[in-house]
> 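Got a structure for you, questions after.
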There are 2 protein chains.
Amino acid sequence: MKPGPRRSVSQVDIVDAAFEILEQKGFAAVSVRGVAAALGLTPTAIYTYFPSKNALLRAMVDELLSSLDLAAASDPAVDWRQRVHALAAALRARLAEHTGAMVLVTSGPLDGPHALSLNEALIAGFMGERMPLDDAARAAHAVLAHVLGVAALDAAERAGDVEASAGRTSSGALWSDAASHPLTEATAHLVAGSAGGAVGVVGAGGADAVSASDDGRADSAFAWGLDRLLDGVLASVAEPVTAGA
Amino acid sequence: MKPGPRRSVSQVDIVDAAFEILEQKGFAAVSVRGVAAALGLTPTAIYTYFPSKNALLRAMVDELLSSLDLAAASDPAVDWRQRVHALAAALRARLAEHTGAMVLVTSGPLDGPHALSLNEALIAGFMGERMPLDDAARAAHAVLAHVLGVAALDAAERAGDVEASAGRTSSGALWSDAASHPLTEATAHLVAGSAGGAVGVVGAGGADAVSASDDGRADSAFAWGLDRLLDGVLASVAEPVTAGA
DNA sequence: ACCTGAACACCGTTCAAGT
DNA sequence: ACCTGAACACCGTTCAAGT
């Protein structure tokens, strides 16, 4: 099973070991001590390669982003909208794969080489749609925010599968006893659901629809929101700023 | 300074103590042991009120959301766009106030009473713009995702003020040595910057512009993205679905 | 440069016991 | 119901020392 402890380790070995632990035992198990043990090292040996646990976490973030296909996202032969959808879906899938990915992504600025390249590809793509540089940068930021936000809501929902909350107000009454939130209750099915799964297939199918391979309920909500954002962003190209309220 | 240990505690006392520690010593200091000590209790006494630390965290999330002015957000006399902006800015400000707010929000489903009421207000608001229930729910989800996503990017950036990353690839070269990411570098100023600060003033000024009191660079990027999202969402009311690519 | 061993100052949670 | 005390199985990080 195990490849056995290596004789000499490197930064990438440590990051790989950390990901293996993340996938098999969850985010809470990703510890300096645990990673070191997986490599047959003493905990303090890790500090030769990373100045802190946080630095290791940030290296993991960039490793995670390295799996994105930026070449495909930069192919001008494909519709930009389609490319954004594929890129966003891929990023969301990566974030959904591991528990606690939001903690990872929040451990420091997204200024690693792959994070910068991702941002660069997004800005360039929007500029290809005749957007000025500044707005293209804002659009890239907004798309990134949308993906991270949906990932955060996904993560929050998954975190509660095991744990039931306290569930009581100070008056002792149970939360949302009946129809006090009818709209939310009636639409919960549209927004909740599993991410990942078939998401990896997006962009591989090829020809027809943007969100053809979506089957999760949350996946279509994700695509819908992204489409509305892109609608608004791309519409800003035609009518610059002048139309006021 | 300290009000002294209480004679009898309650769930709200514990949550309050946890927030005080969060604001003064940061998220890492919010521990069962620390909260208990602040109340003059033994760590294990906390488990009489919360089944786990995570349950305490979730109670903190709902407490955080309780400060949102949902009444103002439901006032039909005010333009819906303006109400969404105020609500979103307020939520973002709350998330920006404390370090590690994203970890808090990710600790479990947003199904507390105040979270549900927030969602309810958002859905109702979009329905007031003649959107069908399903799309209104998706729009609410998208707005929430946008706020959380921007908050995540904010948090990530702040997390790096202290800590410089490893900063080296396996080849030993420094990250982003020169102009390998020109678009990102040229626009970094548009997207980075402090959140919070004057944000709390939004909605208190009153009359004229939506983002009048914004001064941070990130604040205007936040408002821009939200406006583009609302553009796309509200445009979907006029032309339902029929228009194809 | 790379790694160990011992130590410091912490964690969340369980359990048995007291009132 | 509410709280204590002891214990279990952990943390991240520093420091002095070895090679």
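On a predicted model such as this, the values are computed, not experimentally measured, just so you know. Each chain gets a letter, A, B and so on, in the order its sequence line appears, and its residues count up from 1.
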> Would you please name every residue forming a ring pair (Phe, Tyr, Trp, His ring centres under 6.0 Å) with H146(A), sequence neighbours left out?
F222(A)

> In whole Å, I'd like the distance from the CG atom of D13(B) to the P atom of dC3(D).
10 Å

> Shortest non-hydrogen contact from L118(A) to L144(A)?
CD2-CD1, 3.8 Å

> Check DNA chain C for consecutive Watson-Crick or G-U pairs with both distances under 3.5 Å and list the runs of at least three as stems.
C:4-8 with D:12-16, C:12-16 with D:4-8

> Excluding sequence neighbours, so at least two apart, what forms salt bridge (Lys or Arg N to Asp or Glu O under 4.0 Å) with R83(B)?
none

> With respect to the side chain of Y47(B), which nucleotide from dT13(C), dC2(C), dC3(D) is positioned closest?
dT13(C)

> Just wondering, do T187(B) and L183(B) contact through their side chains at under 4.5 Å, heavy atoms?
no

> Using the P atom as the point on both nucleotides, what is the distance between dA9(D) and dC10(C), in whole Å?
22 Å

> Could you tell me the separation between the CD atom of Q11(A) and the P atom of dA1(C), rounded to a whole number of Å?
14 Å

> Could you tell me if the side chain of L153(B) sits less than 4.5 Å from the side chain of V191(B), heavy atoms only?
no

> Expressed in angstrom and rounded to an integer, what is the separation of I46(A) atom CD1 from dG12(D) atom C1'?
12 Å

> Test of understanding: with side-chain hydrogen bond (donor to acceptor under 3.5 Å, both in side chains), list the residues that count as partners of T184(A), not counting sequence neighbours.
N119(B), E120(B)

> Can you tell me if Y49(A) touches the phosphate of dC3(C), counting only side-chain N or O atoms and a distance under 4.0 Å to OP1 or OP2?
yes

> Throw together a table of side-chain donor-acceptor distances under 3.5 angstrom for residues 97-105 of chain A, partners on residues two or more places apart or in other chains.
from   : atom 1 : to     : atom 2 : distance (Å)
E97(A) : OE2    : R94(A) : NH1    : 2.9
H98(A) : ND1    : R94(A) : O      : 3.3

> Without decimals, in angstroms, what is the distance between F27(B) CZ and dG12(C) P?
10 Å

> Can you tell me the distance, in whole Å, between the NZ atom of K53(B) and the C1' atom of dT13(C)?
12 Å

> Round to a whole Å and report the spacing from CG of L39(B) to P of dT4(D).
11 Å

> Is the closest side-chain heavy-atom distance between V32(A) and L56(A) below 4.5 Å?
no

> Side-chain contact test, heavy atoms from C-beta onward, threshold under 4.5 Å: evaluate it for M60(B) versus L57(B) and give yes or no.
yes

> Between P on dC3(D) and CZ on F50(B), what's the gap in Å once rounded to a whole number?
13 Å

> So which one's nearest nucleotide on DNA chain D is more toward 5', V32(A) or A45(B)?
A45(B)

> Which atoms of nucleotides 5-10 of chain D (N or O only) lie under 3.5 Å from a protein N or O atom, and what are those distances?
from   : atom 1 : to     : atom 2 : distance (Å)
dG5(D) : O6     : T44(B) : OG1    : 3.2

